[in-house]
Every structure is written in structure tokens, then in C-alpha cells.
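Counting starts at 1 for both ligands and their atoms, following the listed order.
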Amino acid sequence: MSAEPAEIPRHEEEETRSKYAGVLRFYNLAKHQEWIVSDVPWGEIPYIPEGKGSLQRQARRRDVWRSVVMQQLQADVLACEMAAQLLNAAPDPEAKLYYSTMVQDESRHTEAWLKLIGEIGGGGERDPQVDRLGHMFLEADTLEEKVFVMQVFFERLIIPRFRLIARSSRGTILEDLCNRLAVDDGIHHGAGMAYERVLLENASKKVEADLVDAANRMLPEFAAHALWRPKAREMIGHLMEARDRERLKTELNHGVRLARSLGLDVSEVELPF
Ligand SMILES: [Fe+2]
Ligand SMILES: [Fe+2]
């Protein structure tokens with residue numbers, strides 16, 4: 001009798017691995033898109049939009065932008081922990097390889113935000129919803145749910161936010177970073193969709209039902225996060241709220257469509273509007 005472990009027939013092994021081709025494609029894309037913090041034109045263009053008017057007015061504008069940067073920094077510090085959890089939890093070599101790049105991305109995002117916030121006067125008020133979204137992820141029981149909360153939802157829903165910030169901060173470091181992060185999170189989201197599809201092939205009804213529950217917990221938290229205004233932004237927040245709500249509704253609907261495209265029964269998902 002041979003002491004060798006029973007070998008999986010070659011063609012069968014190839015067939016199983018081919019399921020992960022989508023995930024591997026995102027690994028290659030991530031390597032191709034990789035950038036470093038020194039690629040950002042630090043010191044060559046303004047950090048954030050420069051205010052006009054009285055000194056007081058300028059200081060107020062600066063606080064608004066600091067609160068924007070603070071929110072992103074807070075989210076990316078949490079994203080480091082999440083990406084590291086995914087790297088540890090994913091059993092498949094292709095997914096592990098991919099997550100090793102995501103850990104680097106989130107860490108690089110954090111480095112860039114830390115550098116930017118240092119240049120514009122330091123941190124500010126924390127967004128309590130970001131912490132809550134983070135805990136939802138960190139406490140999720142299954143890998144399927146973690147991928148769902150972070151990559152399928154959060155990283156997709158955050159992209160229009162980056163585009164929005166970029167549009168209102170043309171010609172600044174802040175715009176440059178938002179554009180880079182929108183591309184990176186597009187890859188994070190795409191990889192998550194590809195991996196979640198494979199994971200759900202063998203998932204039980206219970207796991208699927210848990211994902212729908214997670215969507216119901218996540219969407220209102222995300223809505224609260226998107227509409228949250230720190231003290232510094234209360235004044236302008238007021239003016240933008242109607243438009244923000246409209247935009248948010250479109251984004252949340254998109255989130256539900258994504259869940260449906262993964263084959264989940266989303267008829268039970270309730271939108272917070
Ligand atoms: Fe990030
Ligand atoms: Fe990300």
C-alpha cells in the first residue's frame with residue numbers, strides 16, 4: 001500500500017481551480033494598478049480646496065475638509081483590520097493571494113490619509129456609523145458574510161462618495177487620493193463579487209438567510225453614515241440633505257441589485273427610505 005495521500009485526478013483538480021479564475025484575475029489587476037504614496041504630488045498642489053473670504057470663513061471651510069478626511073482615515077484604519085481578517089479566514093490559495101494585495105492597499109490608503117491629515121491640522125470628530133459598520137463586519141460569523149458586508153456592499157457604495165468628494169476638490173491632493181481610492185475600491189469590490197459567487201455555490205440556506213439579514217442591518221447604517229454630519233459640517237449639511245437623500249436612494253437600490261445578482265432572494269430587504 002502506498003503511503004502517498006490519495007491523489008485528486010488532475011482534470012478534477014483543474015476544474016475546481018478554474019472556479020477561482022475570476023479571483024485570480026483581480027489579483028493580477030491589483031498588482032497592475034498598485035501605486036505608492038510618493039506617487040501623489042505632495043507639496044506641488046494644495047492639499048484641500050483653499051477657502052476665500054474672511055479668516056474665520058476660511059477656518060470654517062478647513063474644518064469641513066478636515067472632517068471629510070477624518071471620516072476616510074477612520075474607514076481605512078478599520079479596512080486594514082478587515083482585509084487582514086479576510087486574508088486569515090479565506091481558505092483558498094487564490095483568494096489568499098488576492099487578499100494579500102488588499103491588505104497592502106488598505107494600509108497604503110491609511111498612510112496617505114495620515115499624511116494628508118497631518119498637513120491640514122490633525123484629526124477631528126469620529127463618525128460613529130463607521131465604527132458601527134466596522135463592528136458589523138468584525139463580528140460577522142462567516143466568511144460569506146464578511147465578504148458581503150465589506151466588498152459587495154461597503155466598497156461599492158463608497159465609490160460614488162469618492163467621486164463626489166473629488167468633484168468638489170478639483171486640483172488638490174484630496175482629489176488625487178479620492179480618484180486613486182475609487183479605482184482601488186472598484187477592484188476590491190470586483191474581487192469580492194467574484195469570490196462571493198464561488199463561496200455561495202455551496203452555501204446553505206441558513207448562510208443565505210444570514211446575508212439577507214446582514215443587508216438589512218448594513219443598509220440603514222450605511223445610509224446614516226452617508227448622511228452623517230460632524231459639527232463642522234452641520235451648516236452645509238442642511239443645504240445638501242435633499243439631494244444627498246436622492247443620490248443615496250439610487251446607491252442603496254444598486255446594492256440590492258448586486259445582492260440579487262449573487263442569486264440571493266432580496267425580497268425581504270427593506271430600504272431605509
Ligand atoms: Fe481603502
Ligand atoms: Fe477597500
(message) Restricting to N, O or S atoms, which atom of Glu155 is closest to the Fe ion (ligand 2)?
(response) OE2

(request) Look at the side chain of Gln58 and the backbone N and O of Gly53, then say whether any donor-acceptor pair between them is shorter than 3.5 Å. (result) yes

(message) Under the criterion side-chain hydrogen bond (donor to acceptor under 3.5 Å, both in side chains), I'd like the reasoning laid out for Glu251 against His254: C-alpha separation, chi angles, the key distance, then a yes or no.
(response) CA-CA 5 Å; Glu251 290 167 19; His254 185 77; over 6 Å; no

(request) Report yes or no: does Asp105 have an N/O/S atom closer than 2.8 Å to the Fe ion (ligand 1)? (result) no

(message) Let me check your reading of the structure: within less than 2.8 Å of the Fe ion (ligand 2), is there an N/O/S atom from Asp184?
(response) no

(message) Please give the atom name: the N, O or S atom of Asp185 nearest to the Fe ion (ligand 2).
(response) OD1

(message) Taking the basic N atoms (NZ, or NE/NH1/NH2) and the acidic carboxylate oxygens, is any pair closer than 4.0 Å for Glu94 and Lys19?
(response) no

(request) Provide the atom name of the closest N, O or S atom of Asp76 relative to the Fe ion (ligand 1). (result) OD1

(request) Could you check whether the rings of Tyr47 and Trp42 sit parallel, tilted or perpendicular, using 30° and 60° as the cut-offs? (result) tilted

(message) Under 2.8 Å from the Fe ion (ligand 1), is there any N, O or S atom belonging to His109?
(response) yes

(message) So that I can check it, does any N, O or S atom in Glu106 come closer than 2.8 Å to the Fe ion (ligand 1)?
(response) yes

(request) Using only N, O or S atoms, tell me which atom of His188 is closest to the Fe ion (ligand 2). (result) ND1

(request) Check the angle between the aromatic planes of Phe222 and Phe154 and answer parallel, tilted or perpendicular using the 30° and 60° thresholds. (result) perpendicular

(message) Quick check: closest heavy atoms across Arg17 and Pro93, and the distance to 0.1 Å?
(response) NH2-CD, 3.5 Å

